[in-house]
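See below for the structure under consideration.
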Amino acid sequence: MSNFKDLPFTTLQFYATAPYPCSYMSDRTARSQVATPAHLIHADIYSELVSNGFRRSGMYTYRPYCDGCTSCIACRVKAQEFQPKRYQKRAWKKHYDLDITIKPLVYSEEHYKLYHEYQKSRHMGGGMDSDDQEQYQQFLLQSKVNSRLVEFRDGVSALEPGKLRMVSIIDVLQDGLSSVYTFFDTSVQQASYGTFCILWQLEQVRKLNLAYLYLGYYIKESSKMSYKAEFEPLEILVRNQWQLHQPS
């Protein structure tokens, strides 16, 4: 745990949650360290929190604080130095013609339906597949920081908005972007929407002349989280110091 005297948000308080089932490894329990009060976490403080390994879920700003486990490791991609792999280039070419619109955080029944279908397809039984509209809004549409909702559609014409394929929530930080959550149409065979979204976010970081795309937590033992090592150069936060991840 960081020495709070060294952290640039001395007005905040931090507490540890009670243990709860781990979302990524079914045989383990997890705990989180939570920053409060939420109303004091404005954009600048939030940027510092993220650089110290925290994440945001709605109004809840946290980082892993598990007993006897350090598998969840904060990670970020050095966007200006990123060079796509061959399969990532294919993903970019495959979906480059998607129509992309950046919006404020707004509720849409169309977005919620896609989210619900995504959860049923990719995370059945994890709890989020039963989220109602209120839980969805609390999770993704509540924010005190500089957040955006990004729509990805195809088949857009002058008369039709096109088919919604993906929605991504991102936060704008002092030194980069934080990828909060992305959900997409899993019914399209051979699609690479998730990979394309990260590539698009990296491109936005470069266009803004910022340094990093924060991807949350890298978990080597979890197939749902280990893919982040594919985006290089990747930095990981180890003992409160950012260092280059060395592929094994």
Side-chain angles (χ1 to χ4, degrees), residues 1-2 4-18 20 23 30-65 72 74-77 79 100-112 114-115 118-119 127-128 131-151 166-183 197-198 200-202 204-205 207-217 237 240 242:
M1 183 174 72
S2 294
F4 291 154
K5 292 181 180 179
D6 296 333
L7 300 180
F9 28 82
T10 55
T11 57
L12 299 182
Q13 294 181 330
F14 300 83
Y15 71 88
T17 67
Y20 55 88
S23 301
R31 297 175 75 197
S32 295
Q33 184 182 60
V34 182
T36 61
H39 71 272
L40 292 182
I41 302 176
H42 54 69
D44 291 344
I45 287 180
Y46 179 65
S47 290
E48 297 291 350
L49 285 165
V50 172
S51 70
N52 280 275
F54 283 79
R55 290 281 287 166
R56 184 180 67 78
S57 176
M59 304 296 288
Y60 177 83
T61 305
Y62 70 96
R63 65 179 172 184
Y65 192 66
C72 294
C75 66
R76 64 189 187 186
V77 185
I100 302 169
T101 306
I102 301 174
K103 298 183 173 184
L105 301 185
V106 294
Y107 178 78
S108 160
E109 195 67 27
E110 185 184 24
H111 295 168
Y112 172 68
L114 181 63
Y115 171 84
Y118 172 80
Q119 295 299 339
M128 295 169 69
D131 281 358
D132 59 23
Q133 290 95 329
E134 183 178 354
Q135 290 169 310
Y136 163 77
Q137 291 185 72
Q138 289 175 348
F139 174 39
L140 292 179
L141 303 182
Q142 291 189 2
S143 172
K144 284 284 188 180
V145 300
N146 190 2
S147 303
R148 297 289 185 272
L149 182 151
V150 188
E151 280 186 352
M166 180 163 56
V167 174
S168 186
I169 308 297
I170 57 175
D171 292 335
V172 182
L173 309 175
Q174 291 177 330
D175 61 353
L177 299 179
S178 176
S179 183
V180 177
Y181 200 77
T182 298
F183 53 96
C197 187
I198 293 177
W200 181 84
Q201 291 171 350
L202 284 164
Q204 301 314 299
V205 175
K207 287 181 177 180
L208 292 169
N209 199 29
L210 297 173
Y212 304 110
L213 175 63
Y214 289 84
L215 289 179
Y217 301 113
L237 188 62
N240 305 315
W242 287 102

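Just so we're clear, the structure is a prediction, and the values are computed from it rather than from any experiment. Start at 1 with the first residue, then count along the sequence.
Using cut-offs of 30° and 60° on the angle between ring planes, the pair Tyr181 and Phe183 is tilted. Relative orientation of the Phe14 and Phe54 rings is tilted, given thresholds of 30° and 60° on the angle between their planes. By the 30° and 60° cut-offs, the orientation of the rings of Phe139 relative to Tyr115 is tilted.
Remark: Leu177 CG to Asp171 CG distance equals 9.0 Å, nearest 0.5 Å. Considering CG of Leu40 and OH of Tyr46, their distance stands at 16.0 Å, rounded to 0.5 Å. Taking CD of Glu48 as the reference point, atom CG of Leu12 lies at 11.0 Å (rounded to 0.5 Å). Note: Asn209 CG to Lys207 NZ = 13.5 Å, rounded to the nearest 0.5 Å. Here the OG-CG distance, from Ser47 to Asn146, works out to 9.0 Å after rounding to the nearest 0.5 Å. One finds the NZ atom of Lys144 at 5.0 Å from the CE atom of Met59 (value rounded to the nearest 0.5 Å).
Side-chain atoms of Ile102 and Arg148, non-hydrogen and from C-beta on, do get closer than 4.5 Å to each other. When side chains are defined from C-beta on, Arg56 counts as touching Ile169, because their heavy atoms get closer than 4.5 Å. Contact of the Leu140 side chain with the Leu105 side chain is not registered, since no non-hydrogen atoms from C-beta on lie closer than 4.5 Å.
The heavy-atom pair separating Asn52 from Arg63 by the smallest distance is O-NH1, 2.7 Å. Residues Ala79 and Val205 share a closest heavy-atom pair of CB-CG1, 3.5 Å. For the residue pair Tyr65 and Ser32, the shortest heavy atom distance occurs at CB-C, 3.7 Å. Of all heavy-atom pairs between Leu237 and Ser51, the closest is CD2-O, 4.3 Å. Residues Leu215 and Ser179 come closest through the heavy atom pair CD2-CB, 4.1 Å. Here the shortest heavy-atom pairing between Leu141 and Tyr107 reads CD1-CA, 3.6 Å.
A distance-only check finds a donor-acceptor pair linking the side chain of Arg31 to the backbone of Thr17 [under 3.5 Å]. A donor-acceptor pair under 3.5 Å is formed between the side chain of Tyr217 and the backbone N or O of Gly53. Formation of a donor-acceptor pair under 3.5 Å by the Gln137 side chain with backbone atoms of Glu134 is not found in this model. A donor-acceptor pair is defined here as one N or O able to donate and one able to accept, closer than 3.5 Å; no such pair exists between the side chain of Ser178 and the backbone of Val180.
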- [ ] Go through the steps for Gln204 and Ile170 under the test side-chain contact (heavy atoms from CB on, under 4.5 Å), then give the verdict.
- [x] CA-CA 11 Å; Gln204 301 314 299; Ile170 57 175; 5.9 Å; no
TODO: Walk me through it: do Glu109 and Gln133 pass the test side-chain contact (heavy atoms from CB on, under 4.5 Å)?
DONE: CA-CA 9 Å; Glu109 195 67 27; Gln133 290 95 329; 3.9 Å; yes
Open item on the list: What verdict does the side-chain contact (heavy atoms from CB on, under 4.5 Å) test give for Thr182 and Gln201, after you've listed the backbone C-alpha separation in whole Å, the side-chain angles of each residue and the deciding distance to 0.1 Å?
Closed with: CA-CA 11 Å; Thr182 298; Gln201 291 171 350; 4.2 Å; yes
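The side chain to side chain contact (heavy atoms under 4.5 Å, CB included) test with Thr61 singles out one residue from Val50, Val145, Leu49, and that residue is Leu49.
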